[in-house]
2 protein chains.
Amino acid sequence: MTHDGRNDVLRPFPDQRHDHDACRSEALAQVVAACAERGLRLTPLRRRVLELIWSSHTPVKAYDLLDRLRREHAAAAPPTVYRALEFLVEQGFIHRIESLNAYIGCSEPEQAHQGQFLICDSCGDAAELSDPDIAAVLRRKAEMLGFQLDVCTVELKGRCARCETAAG
Amino acid sequence: MTHDGRNDVLRPFPDQRHDHDACRSEALAQVVAACAERGLRLTPLRRRVLELIWSSHTPVKAYDLLDRLRREHAAAAPPTVYRALEFLVEQGFIHRIESLNAYIGCSEPEQAHQGQFLICDSCGDAAELSDPDIAAVLRRKAEMLGFQLDVCTVELKGRCARCETAAG
DNA sequence: GCTATAGATGTAATAATATAACATTTGCAA
DNA sequence: TTGCAAATGTTATATTATTACATCTATAGC
């Protein structure tokens with residue numbers, strides 16, 4: 001279930017007026033816990049980059065992160081950001097959206113997984129699915145073809161329900 | 001059926017020793033026909049870029065195309081290549097592989113469609129599927145979520161059957 | 001507490017990918 | 001044959017990402 005009490009599968013997009021502070025805090029807490037469990041160092045930089053990514057549900061670009069980071073950390077340079085992103089992606093704390101060259105917080109950071117993404121062209125928000133039916137059909141097709149499947153990139157563009165409604 | 005007489009769905013990867021000249025020629029001919037039908041200009045530049053992309057089943061990067069184009073066309077510059085790519089993608093004659101920043105010839109250029117891609121990390125080749133089951137499950141999930149689906153990016157990385165066999 | 005070390009960060013430069021803006025040329029329709 | 005729209009040429013720049021090496025910092029073993 002999501003923060004607003006509705007079913008995840010049916011409402012992957014965050015509610016327009018959801019408590020985003022709580023949303024971000026929860027994600028951060030899960031990452032803190034995962035790092036403790038795995039013996040990883042969530043340094044101030046890494047943590048700050050993660051917070052900035054979680055500032056919204058819109059995928060963030062590396063250089064936008066860099067600009068924001070520089071306001072509070074003059075030494076920030078491209079490698080600063082890319083290293084933090086690399087760490088966060090490797091650990092499954094964020095995902096990279098290939099078709100946008102952008103990054104978004106993972107909604108289930110505690111266990112590694114491969115999600116699928118719905119990306120609204122209208123509001124820019126992205127929602128993560130972990131849909132077993134999609135995963136299963138991809139696995140099945142790959143297997144039929146003798147293809148040893150490793151990474152699945154599934155990025156679906158369109159218009160989210162909220163924007164669709166708003167547009168009438 | 002493919003050029004080697006086997007079922008497409010079961011063998012999307014080209015045979016190692018397939019007649020690639022014939023493979024490329026067929027694709028070119030289909031594009032020529034589609035352009036004639038749609039009243040589009042397949043200029044020498046566009047045609048040449050398409051030929052270069054079809055020189056293998058490995059997705060090609062824009063600047064690799066540029067390097068090759070320059071050998072025979074001194075005036076070639078980034079916009080030369082990107083414009084040709086834009087035309088070819090818009091018309092569905094090639095596809096962009098988002099996770100590689102690279103381009104590959106479309107195996108069914110006559111009708112617009114959205115494929116799915118299997119990309120072998122070992123040999124680099126990519127194969128296109130037009131799998132109705134994958135398309136259907138994505139459509140169904142999007143609909144359940146009230147998401148107005150537009151573009152589907154499905155890129156599956158792993159190891160193709162040939163490389164899997166070769167690796168023992 | 002020291003100190004060696006691995007991991008993290010700083011710093012400068014550059015590589016790789018892509019687009020903007022405007023000039024010129026070309027194909028084709030009126 | 002000429003005028004326009006589309007295509008290409010040309011220069012510059014924007015955006016995204018990595019390399020290479022220097023320095024700092026946390027911490028494990030002494």
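Below, chains carry the letters A, B, ... as their sequence lines are ordered, and counting in each starts from 1.
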- Note on the structure: Looking only at D:dT16, C:dT17, C:dG10, the nucleotide nearest the A:Asn101 side chain is D:dT16
- Message: Could you tell me how far apart B:Leu65 (CG) and C:dA16 (C1') are, to the nearest whole angstrom?
- Response: 14 Å
- Message: Pick the closest DNA chain C nucleotide for A:Ala77 and for A:Arg41 by heavy atoms, then say which residue is nearer the 5' end.
- Response: A:Arg41
- Item | B:Arg70 CZ to D:dT8 C1', straight-line distance once rounded to whole Å | 15 Å
- Item | Face-to-face contact B:Tyr82 to C:dT19 six-ring, under 5.5 Å, under 30° | no
- In whole angstroms, how far is the P atom of C:dA8 from the CG atom of A:Leu88? 12 Å
- Task: Go through D:dT8, C:dA8, D:dT11 for me and flag the one nearest to the A:Thr43 side chain.
- Result: C:dA8
- Task: Scan B:Arg96 against the nucleic acid and name what it touches under 4.0 Å (heavy atoms): base, sugar-phosphate only, or nothing.
- Result: sugar-phosphate
- Message: Just N and O in the side chain of A:Lys61: are any of them under 4.0 Å from OP1 or OP2 of D:dT16?
- Response: yes
- Item | N or O in side chain of B:Arg46 less than 4.0 angstrom from D:dA7 OP1/OP2 | yes
- Item | Whole angstrom value for the distance that separates P of D:dA6 from CG of B:Leu40 | 12 Å
- Note on the structure: With the side chain defined as heavy atoms from C-beta on, B:His73 is closest, among D:dA17, D:dT11, D:dG9, to D:dG9
- Message: Please pick, from C:dT19, D:dT8, D:dT18, the nucleotide with the shortest atom-to-atom distance to any side-chain atom of A:Pro79.
- Response: D:dT18
- Query: Do A:His95 and A:Tyr103 have ring centroids that are under 6.0 Å from one another?
  - Reply: no
- Task: Take the protein atom CD of A:Glu98 and the nucleotide atom P of D:dA17, then report the distance between them rounded to whole Å.
- Result: 9 Å
- Could you please name the option among D:dA6, D:dA17, C:dA8 that lies closest to any side-chain atom of A:Tyr103? D:dA17
- Please state whether the base of C:dG7 and the side chain of A:Arg83 form at least one donor-acceptor pair under 3.5 Å? no
- Ranking B:Tyr63 and B:Pro44 by the position along DNA chain D of their nearest nucleotide, the one closer to 5' is B:Pro44
- Item | Sidechain N-carboxylate O distance under 4.0 Å for A:Glu51, A:Arg47 | yes
- Query: Once you round it to whole Å, what is the distance between P of C:dT19 and CG of B:Leu66?
  - Reply: 14 Å
- Would you kindly give the CZ-to-P distance between A:Arg48 and C:dT9, to the nearest whole Å? 15 Å
- Query: So, does A:Glu155 use its side chain to make a donor-acceptor pair with the main chain of A:Glu98 at under 3.5 Å?
  - Reply: yes
- Message: Need one value for B:Ala75: base, sugar-phosphate or nothing, where a base atom within 4.0 Å counts as base even if backbone is also close, heavy atoms only.
- Response: sugar-phosphate
- Message: Let's see if you can work this out: which of D:dT10, D:dA6, C:dG7 has an atom nearest to the side-chain heavy atoms of B:Thr80?
- Response: D:dT10
- Message: Whether the side chain of A:Arg48 engages the backbone of A:Thr43 through a donor-acceptor N/O pair (distance < 3.5 Å, no angle test) should be reported.
- Response: no
- Nearest-angstrom distance from the residue atom CG of A:Leu69 to C1' of C:dA8: 14 Å
- Student check: side-chain heavy atoms of A:Val60 and A:Ile104 closer than 4.5 Å: no
- With no hydrogens and no angle check, is any side-chain donor or acceptor of B:Gln148 less than 3.5 Å from a backbone partner on A:Cys160? no
